[in-house]
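These notes are about the structure you will find just below.
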2 protein chains.
Amino acid sequence: MSDLLADEKGQDTLPIYGNPGHLARRFHQIAVSIFLNETQAFGITPVQFAALTVVSAYPGVDQRSLARMIAFDRSTIGDVVIRLEKKGLLQRRNGKDKRIKCLFISGEGSAMLEGLAGPIGSFERILLEPLAEGEQKIFMYLLHKLVNQNNELSRVPLEVG
Amino acid sequence: MSDLLADEKGQDTLPIYGNPGHLARRFHQIAVSIFLNETQAFGITPVQFAALTVVSAYPGVDQRSLARMIAFDRSTIGDVVIRLEKKGLLQRRNGKDKRIKCLFISGEGSAMLEGLAGPIGSFERILLEPLAEGEQKIFMYLLHKLVNQNNELSRVPLEVG
DNA sequence: CGGATATCGACAGTATGCTCACCAAATTTA
DNA sequence: TAAATTTGGTGAGCATACTGTCGATATCCG
């Protein structure tokens, strides 16, 4: 195993390359890259996709709750939904509580989510492809465990329910 | 295992929560958060730390090579080194090749790297703490494998040597 | 009822992270 | 050597990500 930890390209020359933080960034960077490749016909970003998915599942959700559900800070999600509204993928309406902006997916948005099912599937497959099937299961299990148990250490913990 | 995949907080209500891309983003987000907590006395970011580490190991390296070594695009690294220069952690000098800016770490920069050794150790420990020791090894092995073999799919592949 | 408190959306400010395009300088090649 | 190509740094532009603060509105509590 240790010969695989020491990578074939010599990327362990620097201590940085073995740093889990560096690998976390690289993994995320690669994930975003594959996502954009597979979904380029739709002109959407990973964050926008996540937001749209939640709004679709919870019609009328407010921005703050949306942010909490996908673990984003309020400012970022504010900008994201404005961009989604500009693209016509969702609408923001004032709720009874005048502080709140309720979010609703548009027909166009729903259609895009349907069309994205295939590309998103490809994205997930390609991202994990370097691992054998058994390894993928183990990796996802460990990744889940890390993310869930470290949730509170995040600047913006994910809050469900 | 499947009961751990379905998380105790009900985070698998949405398909998003099981998406490896979402988990990649969360993992990275958490890593950055822990990094900033542990190193806050130094006022440095993960990217700045990575850049400084490489410049320290390769004195006189140019911006483009630095970017390639830590898998960043040249624009981002340009801004990063300018901020590092403003903080007095490194210097940019013109090389014989007039296109090139050669990077050198300053005494202050070296001192900071030394001081950071402990906090970086804590950071790595905390990030992986939710996993048992054996699990950590397996996780890092699989993460390495994913990142290395998907390297070319990244927008900015890491290039060594 | 009315003041303290909490919450929501918005804005300013900082730092990534990427693409495209540009200029200047170096290298390759005809 | 001169022309074509490549390369390094920079700037514009867009989209995250986060912190802090603010005003408006709701709610809680005496």
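Proteins get letters first, then strands, A, B, ... in listed order; numbering begins at 1 in each. Keep in mind the model is a prediction, meaning the values are calculated, not measured.
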Worksheet entry | Value in whole Å for how far the C1' atom of C:dA10 lies from CD1 of A:Ile82 | 8 Å

Worksheet entry | Whole-Å distance separating the NE2 atom of B:His22 from the P atom of D:dT16 | 15 Å

Discussion item. Can you see if the side chain of B:Gln48 gets near the phosphate of C:dT16 - specifically, an N or O under 4.0 Å from OP1 or OP2?
Written reply: yes

Discussion item. Between A:Tyr141 and A:Lys145, does the side-chain contact (heavy atoms from CB on, under 4.5 Å) criterion hold? Intermediate values first, please.
Written reply: CA-CA 6 Å; A:Tyr141 163 75; A:Lys145 197 171 173 180; 3.9 Å; yes

Practice prompt. Answer yes when A:Asp97 and A:Arg99 have at least one side-chain N-carboxylate O distance shorter than 4.0 Å, and no when they do not.
Written response: yes

Fill in: Between P of D:dT25 and CG of A:Asn94, the distance in whole Å
11 Å

Worksheet item: Under 3.5 Å, is there a donor-acceptor pair between the side chain of A:Glu38 and the main chain of A:Ser122?
Response: no

Practice prompt. Counting heavy atoms from C-beta on, name the nucleotide in D:dC18, D:dA26, C:dG17 closest to the side chain of A:Gln29.
Written response: C:dG17

Item to complete: Would you indicate, yes or no, if D:dT16 has its OP1 or OP2 atom less than 4.0 angstrom from a side-chain nitrogen or oxygen of A:Arg83?
Response: yes

Worksheet item: If only side-chain N and O atoms of B:Gln63 are considered, is one of them under 4.0 Å from the OP1 or OP2 phosphate oxygen of D:dT10?
Response: yes

Discussion item. Quiz question: going by heavy-atom distance under 3.5 Å, is there a donor-acceptor pair between the base of D:dT16 and the side chain of A:Thr45?
Written reply: no

Fill in: Selection from C:dG17, D:dA17, D:dG11 that lies nearest to any side-chain heavy atom of B:Arg25
D:dA17

Worksheet item: Among the nucleotides C:dT16, D:dT16, D:dT10, which one has an atom lying closest to any side-chain atom of A:Val80?
Response: D:dT16

Item to complete: Whole angstrom is fine here: how far is it from NE2 in B:His28 over to C1' in D:dA17?
Response: 10 Å

Fill in: Atom-pair distance (CD1 on B:Ile70; C1' on C:dT16), nearest Å
12 Å

Worksheet item: Do B:Arg92 side-chain and D:dT10 base share a donor-acceptor contact under 3.5 Å?
Response: no

Worksheet item: Hey, is the side chain of A:Ser33 pairing donor to acceptor with the base of C:dC18 inside 3.5 Å?
Response: no

Practice prompt. Spell out yes or no: do the side chain of B:Ser75 and the base of D:dG11 have one donor N/O and one acceptor N/O closer than 3.5 Å?
Written response: yes

Fill in: N or O in side chain of A:Arg64 less than 4.0 angstrom from C:dC8 OP1/OP2
yes

Worksheet item: Would a line drawn from the ring center of A:Phe123 to the ring center of A:Phe49 be shorter than 6.0 Å?
Response: no

Discussion item. Taking any heavy-atom pair under 4.0 Å as a contact, classify A:Val32: base, sugar-phosphate, or nothing.
Written reply: nothing

Fill in: Given B:Arg68, B:Arg74, B:Arg92, the one that forms side-chain hydrogen bond (donor to acceptor under 3.5 Å, both in side chains) with B:Gln63
B:Arg92

Worksheet entry | Listed nucleotide nearest any side-chain atom of B:Lys101, set C:dC18, D:dT25, D:dT10 | D:dT10

Worksheet item: To the nearest Å, how far apart are A:Ile30 CD1 and C:dC18 P?
Response: 11 Å

Item to complete: When you get a sec, tell me which of D:dG8, C:dC8, D:dA17 is the closest nucleotide to the side chain of B:Ile100?
Response: D:dG8

Item to complete: Just call it for B:Asp79: base, sugar-phosphate, or nothing, with non-hydrogen atoms closer than 4.0 Å on any strand.
Response: nothing

Discussion item. Rounding to an integer number of Å, can you tell me how far A:Asp97 CG sits from C:dT7 P?
Written reply: 12 Å

Worksheet item: When clusters are formed by joining ILVMFWY residues with side-chain heavy atoms under 4.5 Å apart, either directly or through shared neighbours, do B:Ile70 and A:Val32 land in the same one?
Response: yes

Item to complete: Could you state the atom-to-atom distance from CZ of A:Arg74 to C1' of D:dT19 in whole Å?
Response: 8 Å

Fill in: Among D:dA26, D:dA17, C:dG9, the nucleotide that comes nearest once only the side chain of A:Val47 is considered
D:dA17

